[in-house]
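One structure is given here, and the rest of the page talks about it.
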Amino acid sequence: MGRFDAISGVARSVISLAVPFRCAVCGDGTDPRARWPLCGTCSAAILERENAMAEARRCVVCGKPLCSERGICMRCRSTSYAFDSACPLWRYGGELRSLVLEYKAGRRSLAGFFSEAVARAVRQRYPGRVIVPVPPRPGKMRRKGWDQVEDIARMLEKHHGLEVARILVRADGMQQKALGLEARTANMLGKVRVEEGASVPVDPILLDDVLTTGATLSACAAALKLEGASRVDAITIAAD
Ligand SMILES: [Zn+2]
Ligand SMILES: [Zn+2]
């Protein structure tokens, strides 16, 4: 961390956006030849967390680590989702949380790092299956100019040879953040649909950034199943 310790997260983001060879997590200098802006210490810590997540006892539905439960977490016991299973790569916390926030704030070079991890997981867990990215809110591309899920999807196609089908669209709903799980699910119903005329893979893999309540993934999976998919699994960067 060094001299950036005393600087607030926001200030650090501004600095790292302006200075390309600063680690996206701690702000220390990085190797300019590296494929993404992470120092050795932060990369190691993040990869270690990914391993810990992969080895943890996890809920067979949402993929979140289990505490004392067996097989299925408390939430998934009382909720039914349209997706069959989800596989978050990391827990949303620590360095990983800083990394996701930095990425969403505009450090687009981090898409390479995330797509590498997603590609590895897809090859291991879901070989040969087609990726369907969770679509951005309407108008987001126009307002922000880019979408964090789409950037990763593009890299999966371009650098990892995975097939991506952009077949979901969504209409504007209320801000999801302010709502509880039930309200979120209701809010999402009918808000996602398959693009007219699109052909739906039989067992697509949804791709999203952070799994929170699962309502968005569930709405996407429901839309895909309505149009013929028989099994829908999901992969996300993290689970909150
Ligand atoms: Zn670092
Ligand atoms: Zn669960």
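Every number for a ligand or one of its atoms is a count from 1 in the order of the listing.
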For this session: Could you tell me the angle subtended at the Zn ion (ligand 2) by SG of Cys62 and SG of Cys59, rounded to 10°?
Result: 110°
Problem set entry | Asp233 and Ser85 side chains, donor-acceptor separation under 3.5 Å | yes
Problem set entry | Basic-acidic side-chain contact under 4.0 Å: Arg22, Asp28 | no
Exercise. What orientation do Tyr103 and Phe114 show, parallel under 30°, tilted 30 to 60°, or perpendicular over 60°?
Worked result: tilted
For this session: For residues Leu110 and Pro37, determine if any side-chain heavy atom of one lies less than 4.5 Å from a side-chain heavy atom of the other.
Result: yes
For this session: Taking the Zn ion (ligand 2) as the vertex, measure the angle between atom SG in Cys73 and atom SG in Cys76; round to 10°.
Result: 100°
Seminar exercise, completed: At the Zn ion (ligand 1), SG of Cys26 and SG of Cys39 open up to roughly (10° bins) 110°
